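What follows is one structure encoded as structure tokens, with my remarks underneath.
Please read these numbers as outputs of a predicted model, since none were measured by experiment.
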Amino acid sequence: MRLATWNVNSLKVRMERALEWVSYAQPDILCLQETKLGDAAFPHMAFSALGYESVHHGSGQWNGVAILSRVGLEDAVMGFADGADPDQDTRLITARCGGVRVCSVYVPNGRSVSSDHYIYKLSWLARLTGHLGLLSSPDDHVAVCGDFNIAPEDRDVWDTAAFVGSTHVTPEERAALASLEAWGLVDAFRARWQEDKLYTYWDYRAGDFHEHRGMRIDLILVSRALAGKVGWALVDRNARKGKLPSDHAPLFVDLEV
DNA sequence: ATGGTTGGAATCCAA
């Protein structure tokens, strides 16, 4: 089973690239983030023509998440399942695909450590851990895929000095990610590859992609039951090249299930 | 050189 995730930064702009990527990468499940679409505008039929069912949770303009699957798609849940106040943004969608409970997540950016948005980011991550416990057990097949807006370790950013005082690398954010993993999740890409300079995001500005100034902030977290089944894994940097690329590259892991 | 680019909005905000 090939499980993939991609922050497309506007599916409207990226649709041609997304269809191209799905066609050659052949994911069984693809989680999308930052579709920036309302639900009525999501192109279900175009993906259906390639053999995928799809569910989307979006409000237009900002955020927006989706799950595509060609191995079944059921029990879709929009946002958090805790019954508390709805999230202010459309950042989470969950479904069962081919025996795996899959979450597509777009974790809040945080903006700056002094902002309310940073508090929102930390609380959002804590709420995500609760969400998983409500819908699944760490002994099940669970995968949480998406843009976490956190670099798990210093080696996941191109230059630690450039991030002093910034979000994405603070102990609080990394602790929130560690709490999520402590529930019973493993960073599948890191389990497969231990090298430095393996990034998933490069800022559009200042030639960052060309100079390889990137960050590894897109993750596929899998439960213990799946962690031992990770085969090949890849960040497809080719998808970050060429005409009208997203600022994120797609990431996939192959699971022997 | 607190720079740079992109997307979606409205002529600025978020990333």
- Rounded to whole angstrom units, what separation is found between the NE2 atom of A:His117 and the P atom of B:dA15? 5 Å
- Query: When you look at CG of A:Asp159, are more than 12 heavy atoms from neighbouring residues, nucleotides or ligands closer to it than 6.0 Å?
  - Reply: yes
- Separation of the P atoms in B:dT11 and B:dA1, to the nearest angstrom: 32 Å
- Note on the structure: Shortest non-hydrogen pair, A:Gly72 vs A:Glu53, comes out as CA-OE2, 3.5 Å
- Message: For residues A:Trp6 and A:Leu234: do they belong to one hydrophobic cluster (side chain heavy atoms under 4.5 Å, members Ile, Leu, Val, Met, Phe, Trp, Tyr)?
- Response: yes
- Using atom NE2 of A:His248 as one end and atom C1' of B:dA14 as the other, report the distance to the nearest whole Å. 12 Å
- Query: Which nucleotide in the list B:dA15, B:dC13, B:dT5 gets nearest to the side chain of A:Trp62?
  - Reply: B:dC13
- Rounded distance in Å - CE (A:Met215) to C1' (B:dA15): 12 Å
- To the nearest angstrom, how far is A:Asp203 atom CG from B:dA15 atom C1'? 8 Å
- Item | Below 4.0 Å: OP1/OP2 of B:dG7 and any side-chain N or O of A:Arg14 | yes
- To the nearest Å, give me how far apart CG (A:Asn7) and P (B:dG7) are. 12 Å
- Query: Taking OH from A:Tyr201 and P from B:dT5, how many angstroms apart are they, rounded to a whole number?
  - Reply: 14 Å
- Query: Looking across every strand, which nucleic acid part, if any, lies under 4.0 Å from A:Phe209 by heavy atom: base, sugar-phosphate, or nothing?
  - Reply: nothing
- Rounding to a whole Å, what distance do you find between A:Gln33:CD and B:dA15:P? 14 Å
- Message: By nearest atom, which of the nucleotides B:dT5, B:dG7, B:dA9 is closest to the A:Gln61 side chain?
- Response: B:dA9
- Message: Say we look at B:dA14 and B:dA9: how far apart would their C1' atoms be, to the nearest angstrom?
- Response: 10 Å
- Under 4.0 angstrom between A:Arg111 side-chain N/O and B:dA15 OP1 or OP2: yes
- Just how far, in rounded Å, is P of B:dT5 from CZ of A:Arg213? 12 Å
- Task: Mind telling me whether A:His248 and A:Tyr201 have parallel, tilted or perpendicular rings, with 30° and 60° as the class edges?
- Result: tilted
- Parallel, tilted or perpendicular for A:His212 and A:Trp202, by the 30°/60° rule? tilted
- Query: Taking for each residue the nucleotide of DNA chain B with the nearest heavy atom, is it A:Ala206 or A:Gly110 whose nucleotide lies nearer the 5' end?
  - Reply: A:Ala206
- Walking DNA chain B from its 5' end, the first of A:Asn9 and A:Asn109 to be reached, judged by nearest nucleotide, is A:Asn9
